[in-house]
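Working notes for the structure below.
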Protein chains: 2
Amino acid sequence: MNEDTHLRVLRLVEQNPGISQRDMARELGVSLGKANYCLRALLEKGWVKARNFKNNDNKLQYAYLLTPSGIENKTRLTANYLQAKMAEYERLRVEIEQLKEEVVASGHDAS
Amino acid sequence: MNEDTHLRVLRLVEQNPGISQRDMARELGVSLGKANYCLRALLEKGWVKARNFKNNDNKLQYAYLLTPSGIENKTRLTANYLQAKMAEYERLRVEIEQLKEEVVASGHDAS
DNA sequence: TTGTTGCGTTCATTGATTGAACGCATGGAT
DNA sequence: ATCCATGCGTTCAATCAATGAACGCAACAA
């Protein structure tokens, strides 16, 4: 499972603890199976806890809450993610610059 | 098969018609099987022609050449690609901006 | 001649992902 | 009280892209 997906799930859960796995999947643009798999991984790690939403001994309709460890790791993942995105941004800048030259050059050839 | 991969293959072939599928795969960071599959798709479309490199009736060691249609489509794909990358660049700019705010905010909370 | 290298090709295997189907709880309608 | 529809988390067979080991073949050097 992807760390980026983990981060996105942590974000969704923090912002809306009552979110269902189906809505989570829709929001992430992945299948229900994957959302479930990812969420279970986070539960396994202890980054997220599931609390019963309505009755106290029913099984379904959870509220998902970030644990302190989950908050900590979300911060860490966010920092990593930001750094990666900034590197990607720079890489993209250079690539676009080169592509523009290339397009202009082939335009000259064609004229 | 991905259009981006097609474009990258067209680029490689144009710049080095004598390239082998193995080097192509290495350059693209994909498997030999995928490079082969992709190249065959381009041959099928008539964007690339394979010419025998050494002997005229041997089967292997081709030179891959862009056809006029291949050149045309490479230009088109490049333009599309550039446009997509520019949109992605802008999207990334916004995302990074938001992430920075988020990181700063959580930093304030933690201090 | 013989062994090695490099070529394109093939295809069984892998691994991630999907989404239909399941059992269960809930809540509204009859 | 009974029924039905809805929504929940869970499961898992099926799918599909991707892999890379293995093949036959040509070329070349020893």
Side-chain angles (χ1 to χ4, degrees), chain A residues 1-67 70 77, chain B residues 1-67 70 77 81 84:
Chain A
M1 184 57 59
N2 197 326
E3 274 209 336
D4 283 6
T5 309
H6 279 176
L7 177 55
R8 295 182 66 199
V9 169
L10 291 175
R11 255 203 267 277
L12 282 178
V13 165
E14 182 177 56
Q15 143 188 4
N16 177 15
I19 192 172
S20 71
Q21 292 181 14
R22 278 174 176 78
D23 284 345
M24 210 180 279
R26 213 165 295 132
E27 206 80 41
L28 297 173
V30 302
S31 68
L32 174 59
K34 181 170 177 177
N36 178 265
Y37 182 70
C38 183
L39 190 56
R40 294 172 88 79
L42 296 179
L43 291 166
E44 190 80 18
K45 290 189 184 187
W47 295 5
V48 170
K49 284 283 181 201
R51 294 186 102 81
N52 299 343
F53 198 50
K54 306 245 166 140
N55 300 16
N56 52 353
D57 52 0
N58 285 342
K59 288 287 171 286
L60 299 187
Q61 182 83 346
Y62 294 118
Y64 302 107
L65 301 173
L66 263 60
T67 64
L77 288 182
Chain B
M1 182 59 58
N2 197 326
E3 274 211 336
D4 284 5
T5 309
H6 279 179
L7 177 55
R8 295 181 67 200
V9 168
L10 291 175
R11 257 203 266 278
L12 282 178
V13 164
E14 182 177 56
Q15 140 187 7
N16 177 15
I19 193 172
S20 72
Q21 292 181 15
R22 277 173 176 78
D23 283 345
M24 211 180 278
R26 213 165 293 130
E27 205 81 40
L28 297 172
V30 302
S31 68
L32 175 57
K34 180 170 178 178
N36 178 266
Y37 182 69
C38 183
L39 190 55
R40 293 172 89 79
L42 296 180
L43 291 167
E44 190 79 22
K45 290 187 184 188
W47 295 5
V48 170
K49 284 282 180 201
R51 294 184 102 81
N52 298 343
F53 196 50
K54 306 240 166 147
N55 299 16
N56 52 354
D57 53 2
N58 284 342
K59 288 288 173 288
L60 299 187
Q61 183 80 349
Y62 295 117
Y64 302 107
L65 301 172
L66 265 60
T67 64
L77 289 182
Y81 184 78

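Only heavy atoms go into these numbers, but all of them, side chains included; no hydrogens, no water, no symmetry mates. Per chain, numbering begins at 1; letters A, B, ... match sequence-line order.
- If you take CG of A:Leu28 and P of C:dA16, they are 18 Å apart, rounded to a whole angstrom.
- In terms of phosphate contacts, B:Ser20 brings a side-chain nitrogen or oxygen within less than 4.0 Å of OP1 or OP2 of C:dC7.
- Around OH of A:Tyr37, the count of heavy atoms belonging to other residues, nucleotides or ligands within 6.0 Å does not exceed 12.
- Atom CZ of A:Arg26 is separated from atom C1' of D:dC8 by 12 Å (rounded to the nearest Å).
- Of the candidates C:dT17, D:dG20, D:dG9, the closest approach to any side-chain atom of A:Asn36 belongs to D:dG9.
- Nearest to the side chain of B:Gln21, among C:dG8, C:dT18, D:dA18, sits C:dG8.
- Distance, B:Leu42 CG to C:dG8 P: 14 Å, rounded to whole Å.
- In this structure the side chain of A:Met24 reaches within 4.5 angstrom of the side chain of A:Val13, judged on heavy atoms.
- For A:Lys34, whose side chain is taken as the heavy atoms from C-beta onward, the closest listed nucleotide among D:dT19, C:dT17, D:dG9 is C:dT17.
- Considering only side-chain atoms of A:Arg22, the nucleotide from C:dG8, D:dA18, D:dT10 that sits closest is D:dT10.
- Set against D:dG9, C:dT18, C:dG8, the side chain of B:Tyr64 has C:dG8 as its closest nucleotide.
- With hydrogens and angles left out, the side-chain atoms of B:Gln21 and B:Tyr62 include no donor and acceptor closer than 3.5 Å.
- For B:Arg40, taking side-chain heavy atoms from C-beta onward, the closest of the listed nucleotides C:dT9, D:dG9, D:dA18 is C:dT9.
- Per the geometry, CD belonging to B:Glu44 stands 12 Å off P belonging to C:dT9, to the nearest Å.
- Across all their heavy atoms, A:Cys38 and A:Val9 have their closest contact at SG-CG2, 3.7 Å.
- Here the P atom of nucleotide D:dC23 and the CG atom of B:Leu32 are 15 Å apart, to the nearest Å.
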